[in-house]
Amino acid sequence: MAHSAMAGSGWGTTEGDDPLQTAVWRLRSRGCWADAAALLEPVTADTALQRTALLVERCLYTEQGWADAEDALRTAEALAHTDDERGAAACERGQLAYAATVHGVRDRADEARAALGRAAALIAPGAGGRALLDFRRGLLAENLTRSPQAARAAYRRAHAGATAHADPLLQSFTWRHLAGLALREGELAEARHGFTESLRIREELGYLVGTAPALASLADAESEPEASRLREEARRLFRLLGGVPTWLARQLTPSAAGAATA
């Protein structure tokens, strides 16, 4: 399920972060977005944007919490004063509208495109937030516009930006989505390499909530018995996290019945 991915700035994933950011990252990485957001007081544009990103990610992974994310987003938009801040807020609005569209809550595709276009006009090329914006534009191209070529170009720009700005979490998403496109084109070796890199990074970062999807994606590019082993590990983590991300259930269901009776 390519539309499921959500990348962030990698808060809390690098050494030297303050205790608050470390706590936020640990909660986020385990799918406790509301608890992580509760640690942040939205009194500055930066903290308001971070809080918004957490709650938008919760919507994408759980299909819940839409009103909370909208409220946080409005606060972030009100506190944004610089072009970078306004661009980051627009990027989050685009992602929230995208999430609502792909989950069938409401068709907000036009809003998503407009918001990400506005973000592109505000965030300077080469800026730290540009890589995340490129990735999200790739999601729209792949899953709403159905344009794999445009998606690939956007993912590659995002991958280059994530590499330049040392954002390994975002790299894990760009690896995974480029691999997904390769898999659909029958490029198994390329797909396997990308999925393996994505899984490696997520395991190294301790991004537990994103590890089950990475395992399931790699399984799609592997042969038996390795594919079944990876899917079973993905199911174990999926159950451990209480069925999050919700959309992964559909990916794991086809072989779940057989595994349950084994």
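The distance from atom NE2 of His177 to atom OG of Ser172, rounded to the nearest 0.5 Å, is 9.0 Å. Atom CG of Leu218 and atom CD of Glu233 lie 12.0 Å apart (nearest 0.5 Å). Residue Leu55 holds its CG atom at 13.0 Å from CD of Gln64, rounded to the nearest 0.5 Å. Note that CG of Leu132 is 9.5 Å distant from CG of Leu116, once rounded to the nearest 0.5 Å. Gln50 CD to Arg28 CZ: the interatomic distance, rounded to the nearest 0.5 Å, is 8.5 Å. Rounding to the nearest 0.5 Å places CG of Leu241 at 9.5 Å from CZ of Arg236.
Between Arg152 and Glu185 there is a salt bridge, with a side-chain nitrogen of the basic residue lying less than 4.0 Å from a carboxylate oxygen of the acidic one. Between Arg136 and Glu92, at least one side-chain nitrogen of the basic residue sits less than 4.0 Å from a carboxylate oxygen of the acidic one, meeting the salt-bridge criterion. Arg200 and Glu197 are joined by a salt bridge, as a carboxylate oxygen and a charged side-chain nitrogen come within less than 4.0 angstrom of each other. Look at Arg108 and Glu70 and you find a salt bridge, because one of the NZ, NE, NH1 or NH2 atoms lies within 4.0 Å of a carboxylate O, short of that distance. Using a 4.0 Å cut-off between charged nitrogen and carboxylate oxygen, Arg231 and Glu226 do not count as a salt-bridge pair. Ionic pairing of Glu232 and Arg235 is present here: one or more N-O contacts between side-chain nitrogen and carboxylate oxygen are shorter than 4.0 angstrom. The pair Glu190-Arg184 does not meet the salt-bridge criterion, since no charged nitrogen lies less than 4.0 angstrom from a carboxylate oxygen.
When all heavy atoms of Ala216 and Ala234 are compared, the closest pair comes out as N-CB, 4.1 Å. Looking at every heavy atom in both residues, Ala124 comes nearest to Asp84 through N-OD1, 4.4 Å. The minimum heavy-atom distance between Ala221 and Phe195, with the atom names listed, is CB-CD1, 4.0 Å. Counting all heavy atoms, side chain and backbone alike, Leu170 lies closest to Ala158 at CD2-O, 4.5 Å. Between Pro42 and Thr47, the closest heavy-atom pair is CA-OG1, 3.7 Å. For the residue pair Leu39 and Ala23, the shortest heavy atom distance occurs at CD1-CB, 3.9 Å.
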Inset, instruction - Evaluate side chain to side chain contact (heavy atoms under 4.5 Å, CB included) for Leu40 paired with Leu54, printing each intermediate quantity in order. - result: CA-CA 10 Å; Leu40 300 167; Leu54 289 166; 3.7 Å; yes
Inset, instruction - Decide yes or no on side chain to side chain contact (heavy atoms under 4.5 Å, CB included) for His159 and Phe135, but give the supporting numbers first. - result: CA-CA 8 Å; His159 190 80; Phe135 174 73; over 6 Å; no
Legend entry - From CA spacing to verdict: side chain to side chain contact (heavy atoms under 4.5 Å, CB included), Asp167, Gln171: CA-CA 6 Å; Asp167 187 345; Gln171 282 181 299; 5.8 Å; no
Legend entry - Stepwise side chain to side chain contact (heavy atoms under 4.5 Å, CB included) test for Val56 and Leu73: CA-CA 9 Å; Val56 170; Leu73 179 55; 5.8 Å; no
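In this structure, Glu187 has no side chain to side chain donor-acceptor pair (under 3.5 Å) partners at least two apart in sequence or on a different chain. Listed by chain and residue number, nothing satisfies the ring-ring contact (aromatic ring centres under 6.0 Å, His included) test with His165 (two or more places apart in sequence, or in another chain). For Asp83, the side chain to side chain donor-acceptor pair (under 3.5 Å) test picks out Arg86, with sequence neighbours left out. Looking at residues two or more places apart in sequence or on another chain, you find a side chain to side chain donor-acceptor pair (under 3.5 Å) between Glu224 and Ser228. Under the rule for a side chain to side chain donor-acceptor pair (under 3.5 Å), Arg156 has no partner lying at least two apart in sequence or in another chain.
Defined by atom type and a distance below 3.5 Å, a donor-acceptor pair is missing between the side-chain atoms of Glu203 and Thr211.
In this structure, Glu85 contributes its side chain and His81 its backbone to a donor-acceptor pair below 3.5 Å. A distance-only check finds a donor-acceptor pair linking the side chain of Arg130 to the backbone of Ile123 [under 3.5 Å]. No donor-acceptor distance shorter than 3.5 angstrom exists from the side chain of Gln21 to the backbone of Asp18, with no hydrogens or angles considered. Checking side-chain atoms of Thr101 against main-chain N and O of Ala109 turns up a donor-acceptor pair under 3.5 Å. Checking side-chain atoms of Thr52 against main-chain N and O of Ala72 turns up a donor-acceptor pair under 3.5 Å. Checked by atom type and distance alone, the side chain of Ser29 pairs as donor or acceptor with a backbone atom of Arg26 at under 3.5 Å. Between the Ser198 side chain and the Gly194 main chain, no donor and acceptor come within less than 3.5 Å of each other.
Hydrophobic cluster membership differs between Leu49 and Leu79, with clusters built from Ile, Leu, Val, Met, Phe, Trp and Tyr side chains linked at under 4.5 angstrom. Val244 and Leu237 fall within a single hydrophobic cluster, where Ile, Leu, Val, Met, Phe, Trp and Tyr side chains are chained together by heavy-atom contacts under 4.5 Å. If you chain together hydrophobic residues whose side chains sit under 4.5 Å apart, Ile201 and Leu215 fall into the same group. Both Leu178 and Leu188 belong to a common hydrophobic cluster when Ile, Leu, Val, Met, Phe, Trp and Tyr are linked at side-chain heavy-atom distances under 4.5 angstrom.
Proximity of Arg113 to Tyr98: side-chain heavy atoms (C-beta onward) are nowhere separated by under 4.5 Å. Two residues are said to be in side-chain contact when any heavy atoms from C-beta on lie closer than 4.5 Å; Val102 and Trp247 fail this criterion. Counting only heavy atoms from C-beta outward, the side chains of Pro168 and Glu204 never approach each other to under 4.5 Å.
Geometrically, Arg202 engages Phe173 in a cation-pi contact, judged by NZ or CZ lying under 6.0 Å from the ring centre and within 45° of the ring axis.
Among pairs with a residue in residues 27-49, those fulfilling ring-ring contact (aromatic ring centres under 6.0 Å, His included) read Trp33-Tyr61, at least two apart in sequence or across chains.
Between His103 and Trp66, the two ring planes are perpendicular [angle over 60°; tilted spans 30° to 60°].
More than 12 heavy atoms of other shown residues, nucleotides or ligands fall within 6.0 angstrom of atom CZ in Arg192.
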